[in-house]
Number of protein chains: 2
Amino acid sequence: MKYNDTIKILKEIKLKATPQRIAIIEFLKENRTHPTPRQIYDLLKKEYPSISLATIYNTLSALKDEGIIEELYLEKDISHIECNTTPHDHFFCLSCKKIFDIMEDKYKDDIPHTIKDFKIISIRKEYFGYCDECVSKEGEN
Amino acid sequence: MKYNDTIKILKEIKLKATPQRIAIIEFLKENRTHPTPRQIYDLLKKEYPSISLATIYNTLSALKDEGIIEELYLEKDISHIECNTTPHDHFFCLSCKKIFDIMEDKYKDDIPHTIKDFKIISIRKEYFGYCDECVSKEGEN
DNA sequence: TAGTATATAAGAATAATTCTAACTTGAGAA
DNA sequence: TTCTCAAGTTAGAATTATTCTTATATACTA
Ligand SMILES: [Mn+2]
Ligand SMILES: [Mn+2]
Ligand SMILES: [Zn+2]
Ligand SMILES: [Zn+2]
């Protein structure tokens, strides 16, 4: 039973283990490309033709509430799902819009707990620019 | 003529100096609270009852294209206008949703130009948590 | 001051997300 | 295993931010 751990996750957060939820979680496990809800929907629709966008949103919302996933806002009007809750940075390509994970050792130590009396819960660092592939394409012109 | 420099800005980027555009730029000059397009609209409506949201969006889009302002995406579905193009960080309060500027000296030196062959254009760092005011309110309970 | 390219306003269109309500189902109880 | 029902799903409507369309208005140049 390859879904055992997924079902365990759902049990832990007291959500019924429906085929739709299992499919969403399985998909997120295999897919670390920061997909959008719409992309998840379009892909799962092949397996579950009747799946509803509302179910995608509902499930993602529940997983987010439980801290199992996060949401990234790098572009206007588009949210990307982050399945890797280990602290890390992102590089966003302004040309192809791809999001790359940037792992840095620094997260081992220098996370401050406060700044100016503000209580810090999390930190995000985002690099914007052009990925190597887009840089070479540009060079061809 | 207090609007002289605003008109100069518009001339430089070859946009007609309409009262609406002047009002938007003057508003942004005085208001460094990262307002949303809707907030700008609601406030300018008092002075220009017939102003259109489309004009706000058009003007902001033009100013952004010229690098005069930037746009921040910290919350789902909400864009905030950044009028201060000097590099700096942000603290976003998860409770009151206010955005605070965080100025750090580090921007004087350590901005890398590349990471893993990616060409970096800009960097953003965001702190999420609870501002001092919300922390004290919470303490009252 | 007139001619014209550009800008504005109002509302329609679009797109992401959320809501609603009727139908369905997973999972515990018997 | 079957029954029961709280919880979940779906389709489509509603909402909200943003963009588009187009008729009208206006800033700027000569
Ligand atoms: Mn990531
Ligand atoms: Mn700022
Ligand atoms: Zn790219
Ligand atoms: Zn606060």
Side-chain angles (χ1 to χ4, degrees), chain A residues 1 3-4 6-25 27 34-66 69-81 97, chain B residues 1 3-4 6-25 27 34-42 44-66 69 71-81 97:
Chain A
M1 311 300 165
Y3 300 142
N4 270 352
T6 293
I7 289 170
K8 198 176 297 174
I9 289 173
L10 287 169
K11 268 220 175 89
E12 274 168 16
I13 62 180
K14 299 190 210 314
L15 290 183
K16 282 189 187 170
T18 66
Q20 295 90 337
R21 283 177 177 158
I22 294 169
I24 291 169
I25 294 175
F27 171 81
H34 314 91
T36 66
R38 162 68 60 173
Q39 287 171 336
I40 298 170
Y41 171 73
D42 287 340
L43 273 153
L44 293 187
K45 216 169 166 51
K46 293 169 186 164
E47 196 182 346
Y48 295 90
S50 75
I51 201 167
S52 162
L53 248 183
T55 295
I56 307 288
Y57 278 108
N58 287 342
T59 299
L60 293 176
S61 171
L63 295 176
K64 191 181 170 188
D65 287 347
E66 296 293 334
I69 62 171
E70 294 172 2
E71 214 168 349
L72 304 176
Y73 312 123
L74 295 169
E75 302 178 79
K76 171 156 19 197
D77 255 346
I78 296 188
S79 67
H80 293 272
I81 301 306
K97 315 294 183 194
Chain B
M1 313 298 164
Y3 299 145
N4 270 352
T6 293
I7 288 171
K8 198 176 296 174
I9 290 173
L10 287 168
K11 269 220 173 92
E12 273 167 17
I13 62 181
K14 298 190 210 317
L15 290 182
K16 284 186 186 173
T18 66
Q20 293 91 336
R21 283 176 177 160
I22 294 170
I24 291 169
I25 295 176
F27 171 80
H34 314 91
T36 66
R38 162 67 60 173
Q39 288 171 335
I40 297 170
Y41 170 74
D42 287 340
L44 293 187
K45 216 168 167 51
K46 294 169 188 165
E47 197 182 346
Y48 295 90
S50 75
I51 200 166
S52 163
L53 248 183
T55 296
I56 307 287
Y57 278 108
N58 286 341
T59 299
L60 292 175
S61 172
L63 295 176
K64 191 181 171 187
D65 288 347
E66 296 293 334
I69 62 171
E71 215 169 349
L72 304 176
Y73 312 123
L74 296 169
E75 302 178 78
K76 172 156 18 197
D77 255 346
I78 297 188
S79 68
H80 292 271
I81 301 306
K97 314 296 183 193

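Values below: all heavy atoms of this structure, side chains included; hydrogens, waters and symmetry mates excluded. Naming convention: chains lettered A, B, ... in sequence-line order (proteins, then strands); numbering from 1 in each chain.
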*Please state how far atom OH in Y57(B) lies from atom C1' in dA10(C), giving the value in whole angstrom units.*
16 Å
*Is the NZ atom of K64(A) crowded by more than 12 outside heavy atoms at less than 6.0 Å?*
yes
*Is there a donor-acceptor pair closer than 3.5 Å between any side-chain N or O of H80(B) and the backbone N or O of H34(B)?*
yes
*If you look at every strand shown and take non-hydrogen atoms under 4.0 Å, does P49(A) touch a base, only sugar-phosphate, or nothing?*
nothing
*Under 4.0 angstrom, heavy atoms only, what part of the nucleic acid is L15(B) near: base, sugar-phosphate, or nothing?*
sugar-phosphate
*Is the side chain of T59(A) donor-acceptor paired with the backbone N or O of T55(A) at a distance under 3.5 Å, no angle test?*
yes
*asked:* Rounded to whole Å, please give me the gap between CZ in R21(A) and C1' in dG8(D).
replied: 6 Å
*Whole angstrom is fine here: how far is it from NZ in K16(A) over to C1' in dT24(C)?*
9 Å
*asked:* Whether the side chain of K76(B) and the base of dA16(C) hold a donor-acceptor pair under 3.5 Å is what I'd like checked.
replied: no
_Looking at T18(B), I'd like to know whether one of its side-chain N or O atoms comes within less than 4.0 Å of OP1 or OP2 on dT26(D)._
no
*If only side-chain N and O atoms of S79(A) are considered, is one of them under 4.0 Å from the OP1 or OP2 phosphate oxygen of dT17(C)?*
yes
*asked:* Counting only side-chain heavy atoms from C-beta out, which of dG26(C), dT18(D), dT10(D) sits nearest to L53(B)?
replied: dT18(D)
_Within 6.0 angstrom of K45(B) NZ, more than 12 heavy atoms from elsewhere_ = yes
_Closest-nucleotide 5' rank along DNA chain D - winner of R38(B) and A17(B)_ = R38(B)
_I56(B) CD1 - dC20(D) C1' separation (whole Å)_ = 17 Å
*OP1, OP2 of dT10(D) versus side-chain N and O of T55(A): anything below 4.0 Å?*
yes
*Respond yes when some side-chain nitrogen or oxygen of Q20(B) is under 4.0 Å from OP1 or OP2 of dA9(C), and no when none is.*
yes
*asked:* If you assign each of N58(A) and D77(A) to its closest nucleotide in DNA chain C, which residue comes earlier from the 5' end?
replied: D77(A)
*Report yes if a side-chain nitrogen or oxygen of S50(B) is closer than 4.0 Å to either non-bridging phosphate oxygen (OP1 or OP2) of dA9(C); otherwise report no.*
yes
